[in-house]
Amino acid sequence: MRISNRQRVLVTGGAGFLGSHLCERLLSRGDDVLCVDNFYSGVKDNVAHLMGNPHFELMRHDVTFPLYVEVDAIYNLACPASPIHYQRDPVQTTKTSVHGAINMLGLAKRTKARIFQASTSEVYGDPEVHPQAESYWGRVNPIGIRSCYDEGKRCAETLFFDYHRQHGVEIKVARIFNTYGPRMHPNDGRVVSNFIVQALRGEDITIYGDGSQTRSFCYVDDLIDGFLAFMDAPADLVGPVNIGNPVEFTIRELADQVLTMVGGPSRLVFKPLPSDDPKQRRPDISLIQSSLGWAPRVALAQGLERTVDYFRHLLQS
């Protein structure tokens, strides 16, 4: 019998960029948090400041293996999310998405826990529809160098909906668009961290392609607000739900903003566009806006300033 009203929440990938912010927010609202990570791309430093909290527990575990714990809610964030990390071991990336989903859904089924899947805008591939709404099925290369991540996440969504229909598991499937902020890995190859770190080091800023390709950048605090609102929403809102910032920028515009903010001798250097890199990416967030009243609040300039401060301190230390 439960003797506390605290929610017991499992966060897989909890020592990663998004996971660490989520753990922090869950603790601040009074939950007991079990943070699980195999530290492939997550780092202990991201959650070191939480270790003294008696309601926080850190466990080294790989979600491709079953996990036997008692929980009330699960956030499944486990999977390397940057191309550098997920292409380093593509077979393991697919296993993490697929076997990890099976193991976490099995845990949710046994414990009757509500489970949140951190899916991705990459399920839309290089889209022919712009902006991307949840009804769009995507345009994904199933055998390309990004397929381990794109198709792994698509298969995970399939598993989530089949467990929901077949076993009655309460699911929440969120499609996450480009997110940035403190605790990004400095060498993760993502465009925001790349540009900031290169500028702070006085190195040339590398733009792949001509810089006309677009992205929409959501600050991490806004994204976590969306996670919590969606997870706490009525059970019949299962998703998939886009969560991201619909304000669109070209990669060249982002580079110019970073250069202006950081200053220094950095120049722009252009290199060939990687295979299967999307030309346009912007979420249609009508569903989450109309259902939950959620919308991002942090402007790119404000979020970049906080992120630059984080990386400046990180590189100095």
Undergrad: Can you find a pair of side-chain heavy atoms, one from L254 and one from L304, that are under 4.5 Å apart?
TA: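 With C-beta onward as the side chain, the pair touches.
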Undergrad: E128: which residues meet the salt bridge (Lys or Arg N to Asp or Glu O under 4.0 Å) condition with it, sequence neighbours left out?
TA: R139
Undergrad: Tell me whether the count of non-hydrogen atoms from other residues, nucleotides or ligands lying under 6.0 Å of CD in Q289 goes above 12.
TA: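 More than 12 within 6.0 Å, yes.
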Undergrad: Does a side-chain heavy-atom distance below 4.5 Å link F195 with I251?
TA: yes
Undergrad: I'd like to check Y310 versus R183 (side-chain heavy atoms, cut-off strictly below 4.5 Å). Are they in contact?
TA: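 Yes, their side chains come closer than 4.5 Å.
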Undergrad: So which pairs with a foot in residues 307-317 pass salt bridge (Lys or Arg N to Asp or Glu O under 4.0 Å), sequence neighbours left out?
TA: D309-R312
Undergrad: So, does K153 use its side chain to make a donor-acceptor pair with the main chain of R175 at under 3.5 Å?
TA: no
Undergrad: So, are D256 and R252 salt-bridged, with charged N and O less than 4.0 Å apart?
TA: yes
Undergrad: Please enumerate all residues that pass side chain to side chain donor-acceptor pair (under 3.5 Å) together with T260, with sequence neighbours excluded.
TA: none
Undergrad: Go through the structure and list residues passing side chain to side chain donor-acceptor pair (under 3.5 Å) with S121, not counting sequence neighbours.
TA: R281
Undergrad: I'd like to check the salt bridge (Lys or Arg N to Asp or Glu O under 4.0 Å) partners of E70; sequence neighbours left out, ordered by chain and number.
TA: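 By the salt bridge (Lys or Arg N to Asp or Glu O under 4.0 Å) rule, E70 matches R110.
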Undergrad: Return yes if some donor-acceptor pair links the side-chain N/O of H85 with the main-chain N/O of T93 below 3.5 Å, else return no.
TA: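 Not a single qualifying donor-acceptor pair exists.
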Undergrad: Tell me, which pairs form a ring pair (Phe, Tyr, Trp, His ring centres under 6.0 Å) where one or both residues lie in residues 213-239, sequence neighbours left out?
TA: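 The answer is F116-F227, Y180-Y219.
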Undergrad: Are the side chains of Y75 and L26 in touch, meaning some heavy atoms are under 4.5 Å apart?
TA: yes
Undergrad: With a 3.5 Å distance limit and no angle check, can you tell me whether N103 reaches the backbone of T64 through a side-chain donor-acceptor pair?
TA: yes
Undergrad: Checking S147 side chain against N141 main chain: does a donor-acceptor pair fall under 3.5 Å?
TA: yes
Undergrad: Taking 4.0 angstrom as the limit, do R146 and E122 come out as a salt bridge?
TA: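 Salt bridge present between R146 and E122.
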Undergrad: Is there a side-chain contact between N194 and T206 in this structure, where contact means two heavy atoms from C-beta onward sitting under 4.5 Å apart?
TA: no
Undergrad: Donor-acceptor check, side chain of D62 to backbone of N38, threshold 3.5 angstrom: yes or no?
TA: no
Undergrad: Are S266 and Q198 linked by a side-chain donor-acceptor pair shorter than 3.5 Å?
TA: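 The criterion, which ignores hydrogens and geometry beyond distance, is not satisfied for Q198 and S266.
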Undergrad: Identify the heavy atoms of G14 and D37 that sit nearest to each other, and give their distance.
TA: N-OD2, 3.5 Å
Undergrad: In the single-linkage hydrophobic clustering (I, L, V, M, F, W, Y; side-chain heavy atoms under 4.5 Å), do L22 and F56 co-cluster?
TA: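 They do share one cluster, since a chain of ILVMFWY contacts under 4.5 Å joins L22 to F56.
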Undergrad: Checking the side chain of S291 only, and the main-chain atoms of I288 only, is there a donor and an acceptor separated by less than 3.5 Å?
TA: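 Pair absent, no side-chain N/O of S291 close to backbone of I288.
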Undergrad: Which pair of heavy atoms, one from I74 and one from V71, lies closest together, and at what distance?
TA: CG1-CG2, 3.8 Å
Undergrad: Please tell me if the side chains of N242 and L287 come closer than 4.5 Å, counting only heavy atoms from C-beta onward.
TA: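 N242 does not reach L287 side chain to side chain.
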Undergrad: As a test of understanding, state which of K112, K109, R114 forms a salt bridge (Lys or Arg N to Asp or Glu O under 4.0 Å) with E170.
TA: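 Only one of K112, K109, R114 forms a salt bridge (Lys or Arg N to Asp or Glu O under 4.0 Å) with E170, namely R114.
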Undergrad: According to salt bridge (Lys or Arg N to Asp or Glu O under 4.0 Å), does anything in residues 159-168 pair up with another residue at least two apart or in another chain? List the pairs.
TA: D162-R165
Undergrad: What is the minimum heavy-atom distance between F270 and G209, and which atoms define it?
TA: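 So the minimum-distance heavy-atom pair works out to CD2-O, 3.3 Å.
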Undergrad: Which heavy atom of M104 sits nearest to which heavy atom of L67, and what is that distance?
TA: CE-CB, 4.1 Å
Undergrad: Under the salt bridge (Lys or Arg N to Asp or Glu O under 4.0 Å) definition, can you give me all pairs with a residue in residues 39-60, not counting sequence neighbours?
TA: none
Undergrad: Using the salt bridge (Lys or Arg N to Asp or Glu O under 4.0 Å) criterion, which residues pair with D232? Sequence neighbours excluded.
TA: R29
Undergrad: Which residue, D31, D32, D72, forms the salt bridge (Lys or Arg N to Asp or Glu O under 4.0 Å) with R8?
TA: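 The residue from D31, D32, D72 that satisfies salt bridge (Lys or Arg N to Asp or Glu O under 4.0 Å) with R8 turns out to be D72.
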Undergrad: Measure the acute angle between the ring planes of H164 and F161, then classify it against the limits of 30° and 60° as parallel, tilted or perpendicular.
TA: perpendicular
Undergrad: I'd like to check the salt bridge (Lys or Arg N to Asp or Glu O under 4.0 Å) partners of E248; sequence neighbours left out, ordered by chain and number.
TA: R282
Undergrad: Taking only residues two or more places apart in sequence or in another chain, which ones pass side chain to side chain donor-acceptor pair (under 3.5 Å) with R201?
TA: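 Listed in chain order: nothing, the list is empty.
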Undergrad: Could you state whether V269 and I205 fall into the same hydrophobic cluster, counting links through intermediate Ile, Leu, Val, Met, Phe, Trp or Tyr residues with side-chain heavy atoms under 4.5 angstrom apart?
TA: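 Different clusters.
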Undergrad: Is there side-chain contact between T96 and Y149, with at least one heavy-atom pair below 4.5 Å?
TA: no
Undergrad: Can R154 and E157 be counted as an ion pair, charged N to O under 4.0 angstrom?
TA: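 Salt bridge: no.
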Undergrad: Side-chain heavy atoms under 4.5 Å apart, restricted to Ile/Leu/Val/Met/Phe/Trp/Tyr: what other residues fall into the cluster of V123, or is it alone?
TA: Y124, V129, Y136, F177
Undergrad: Closest approach of A174 and I243, non-hydrogen atoms and distance?
TA: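 Heavy-atom minimum between the residues: CB-CD1, 3.8 Å.
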Undergrad: Is the shortest heavy-atom distance from the side chain of I196 to the side chain of M261 under 4.5 Å?
TA: no
Undergrad: Shortest non-hydrogen contact from P283 to N245?
TA: CD-O, 3.5 Å
